[in-house]
Amino acid sequence: MLDFLQQQIPLAQWIDTIVNWLTENLSGLFTFLQTVGQAVMDFMTSTLSAVPPLLLMVIIAVIAYFVFHRKWWIPIITFLGLLLIYNQEMWGDLINTITLVVISSLIAVVIGVPAGILMSKSETAQSIIKPILDVMQTMPGFVYLIPAVAFFGVGMVPGVFASVIFSLPPTVRMTNLGIRQISTELVEASDSFGGTPWQKLFKLDLPMAKGNIFAGINQTIMLTLSMVVIASMIGTPGLGQGVLAAVQRSEVGNGFVYGVGIVVLAIIMDRFTQAMNRTKTQKASKKKKVVVGGVAAVAVVFFASLGVYSSMTETNKGTITLAYAQQDDQVVSTNVISQVLEEQGYDVNMTSLDIPVVWQAVADGQADAMTGAWIPITHQAQYEEFKDDLDDLGPSIDNEAKLGLVVPSYMEDVNSIEDLDDQANQEIIGIEPGAGIVEATDETLDAYPNLSDWEQVVSSTGAMNAQLERAINAHEEIVVEGWNPYWIFQRYDLKYLDDPEGTMGDAESIHTMARLGLKDDMPEAYQILDNFEWDVDDMEGIMLDIEDGADPEDAASDWIDENREKVDSWVE
């Protein structure tokens, strides 16, 4: 018995086996769903984007005026909230987020309401579905990103997949609860008058449970909005990417602004769904309904046609998708090479992903290239896993990248890792779990006897930056993980600690990786990516401009203008 308890059940391996089997045997289905889903969402996004922003704000405000029984304050607040989002240059992100939320919510409702009805009519169905809902609702949302990427790659479709799973339970539960709460007297009265099951469903159950059902739908929409930030880690565009970027780069202001954008959208959608749940005091005439519906249909067709026409008339050499993580070096290099490719006539999509997903996206052909592969230490695990499925274009920065443990220069008694004793609460402040430098730090802790009582505090790049700034302002001791190129060495007086054991590795190179086949599909773009080379000072200069408040796109554009000769050598 004790032997059994001490033997680990291979639960993770079982799950991996199931996911791998589904991926291999249902790949055709997943590809079909991904293609159809992406087409639907592209159509919706194009349609909404074709409407001039100010006109769309007015339309939404007018709809709110009639939905809320001609109350002016709600339309005014709606208009001002949308105007704020437009003013903060988040309109495109808002459109993508609306697409994600609407599609996810519709799918959740289409699945959830019938499932709730089934639970209310069958005790067996309830006993089976209820524990499944418990798992879906309590499982951390991040977990759903793993199968989402495995099944659908990166982008909007896997974001919808993860959002639906996470947000589905409230609609199912509230539909079940609402129908079960209908009084037995009403049910018996329906039976006594010979009502059929379908008549009872549509004329008794659903009307009487309407309040509960809409409450569940409302919660589903709110949960979908809560997945916006999480889904951005697998390339789902929208307001969530702005929040994620701000968190990873410790930008309080930008994080708050994008958060406000999500709040504005949440309030609007919450109030609209609540209004749909109210009992109508008067019914609109049939003629009025026809007129309003006809106008709405004509508007949708017009702007949809305009969006399709605009996309068809765009002339460029093709679309390049560049994957990158929200880390300063990758943000900088991706913005620079993106603008260079756009100057040459390409339409460039920049897709923000988590680091392991960046590698997988390029290896799977979901993205065309990446410019932030740290070889051979930082991204060693990813390189070993995906190197056979990638085209290594060589280094853009050659043997100038460096990893190490870093302290402020005022810690004069500490110049080597061997000098560490009881400083800084015996903590090394790290970055994101899974990063190569985090693993190198773990090896360092094991290799140096004087670090036996030390520990690595894994957090995020943004959190590490914030703690470093706080410690320097207070003139306190701190040990952090550092690397070049990185802007902190331009901003603060820091020093690397000597590493006699060599556990933090030697100088690294930053490589550009492309998907297999890009050379044949787009030879000119491939050649530009292959020619892309610069040095640490170039990158750190742009990083510092961004840290001082410049927009990454503007900082990259300024650098290109100031270094035109170097840029021209990439496009020869």
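Predicted model, so just to flag it, every value in this text is computed and none were measured. In what follows, every heavy atom counts, from backbone to side chain, and hydrogens, waters and symmetry copies are set aside.
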Would you say the side chain of [Y] lies within less than 4.5 Å of the side chain of [X], judging by non-hydrogen atoms?
| X | Y | answer |
| --- | --- | --- |
| Gln366 | Thr321 | no |
| Phe386 | Met513 | no |
| Ile337 | Ile528 | yes |
| Leu94 | Leu239 | yes |
| Ile221 | Phe272 | no |
| Ile560 | Glu343 | yes |
| Tyr324 | Ser333 | no |
| Leu529 | Leu518 | yes |

Checking Leu82 against Ile268 for the side-chain contact (heavy atoms from CB on, under 4.5 Å) test, could you report, in this order, the C-alpha distance in whole Å, the side-chain angles of both residues, the deciding distance, and whether it holds?
CA-CA 10 Å; Leu82 294 174; Ile268 293 173; 3.9 Å; yes

Filter on side-chain hydrogen bond (donor to acceptor under 3.5 Å, both in side chains), then keep only pairs touching residues 84-112, sequence neighbours left out; what's left?
Thr45-Thr99

Taking [Y]'s backbone N and O only, do any of them form a donor-acceptor pair with [X]'s side chain (distance below 3.5 Å, no angle check)?
| X | Y | result |
| --- | --- | --- |
| His379 | Trp374 | yes |
| Asp270 | Ala266 | no |
| Ser226 | Leu223 | yes |

Quick one about Glu469 and Asn465 (side-chain donor to acceptor, distance below 3.5 Å, no hydrogens or angles considered), yes or no?
no

Check whether the side chains of Thr224 and Ser167 place a donor and an acceptor atom closer than 3.5 Å, and report yes or no.
yes

Only one of Ile355, Val358, Val332 passes side-chain contact (heavy atoms from CB on, under 4.5 Å) with Gln327; say which it is.
Ile355

What orientation do Tyr65 and Trp72 show, parallel under 30°, tilted 30 to 60°, or perpendicular over 60°?
tilted

Donor-acceptor contacts, no H, no angles, side chain residues 228-238, under 3.5 Å, sequence neighbours left out:
from	atom 1	to	atom 2	distance (Å)
Ser232	OG	Val229	O	2.4
Ser232	OG	Gly240	O	3.4
Thr236	OG1	Gly155	O	2.9
Thr236	OG1	Ala231	O	3.1

Sequence neighbours excluded and cut-off under 3.5 Å, please list the side-chain donor-acceptor pairs for residues 136-153, or say none.
from	atom 1	to	atom 2	distance (Å)
Gln137	OE1	Arg173	NE	2.9
Thr138	OG1	Asp134	O	2.7
Tyr144	OH	Met136	O	2.6

